Amino acid sequence: MGKREIIICIMLAIVTTNLIRVLPMTLIKGRIRNVFLRSFLYYVPYVTLAVMTFPAIIETTLHPLSGIVALGVGIVAAWRGAGLFPVAIICCAIAYLMDNIIMT
């Protein structure tokens, strides 16, 4: 790939990224009253974070099973009311123990 193609790719990435951010601000004037659209926009950040985080949970451990078990334990802990920091500590401990003690 030559220098010209790289510059074209970078420019296309810049235009695409800015269109996604600027277009809604220019097209939507005022408050959004549609309940479905408001709820959809409310959950977009959470879904984006989950989509970026989920593969990393499974792929960064030595064994995918330890990541899956840690995820399951974390979901149960969060469901039972544990905060973000305790859930993170529990998941890290489970993944560490499974990778280094149980799976070896």
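Just so we're clear, the structure is a prediction, and the values are computed from it rather than from any experiment.
- Applying the side chain to side chain contact (heavy atoms under 4.5 Å, CB included) rule to F54 yields the partners I58, L71; only residues at least two apart in sequence or on another chain are considered.
- Under a hydrophobic clustering in which Ile, Leu, Val, Met, Phe, Trp and Tyr are joined whenever their side-chain heavy atoms come within less than 4.5 Å, directly or via other members, I57 and I75 fall into the same cluster.
- The backbone N or O of A56 sits nowhere less than 3.5 Å from a side-chain atom of E59 that would complete a donor-acceptor pair.
- The nearest pair of heavy atoms linking R31 to R38 is NH2-NH1, 2.9 Å.
- Y43 and V51 sit in two unconnected hydrophobic clusters of ILVMFWY residues. Membership requires side-chain heavy atoms under 4.5 Å apart, directly or through other members.
- In the hydrophobic clustering, where aliphatic and aromatic side chains (Ile, Leu, Val, Met, Phe, Trp, Tyr) are joined below 4.5 Å either directly or transitively, V35 stands alone.
- Checking side-chain atoms of T26 against main-chain N and O of L23 turns up a donor-acceptor pair under 3.5 Å.
- Scored by the ring pair (Phe, Tyr, Trp, His ring centres under 6.0 Å) test, Y46 finds Y42 as partners (sequence neighbours excluded).
- Transitive grouping of hydrophobic side chains (ILVMFWY, heavy atoms separated by less than 4.5 Å) brings I32 and F40 into a common cluster.
- The hydrophobic clustering, which links ILVMFWY residues whose side-chain heavy atoms are closer than 4.5 Å, places I28 and L41 together.
- Considering every non-hydrogen atom in both T53 and L49, the closest pair reads OG1-O, 2.7 Å.
- When all heavy atoms of G74 and V87 are compared, the closest pair comes out as O-CG1, 3.7 Å.
- A side-chain donor-acceptor contact under 3.5 Å links S66 to the backbone of H63.
- Counting heavy atoms from C-beta on, the side chains of K3 and I7 come closer than 4.5 Å.
- Closest approach of A70 to C91, counting heavy atoms only: O-SG, 3.3 Å.
- The main-chain N or O of T61 is never found under 3.5 Å from a side-chain atom of D99 such that the two would form a donor-acceptor pair.
- Around CG of L84, the count of heavy atoms belonging to other residues, nucleotides or ligands within 6.0 Å does not exceed 12.
- The hydrophobic cluster containing I68 does not contain Y96, counting ILVMFWY residues as joined when their side-chain heavy atoms lie under 4.5 angstrom apart, directly or transitively.
- Atoms CD1 and CD1, from I94 and I89 in turn, are 12.0 Å apart once rounded to the nearest 0.5 Å.
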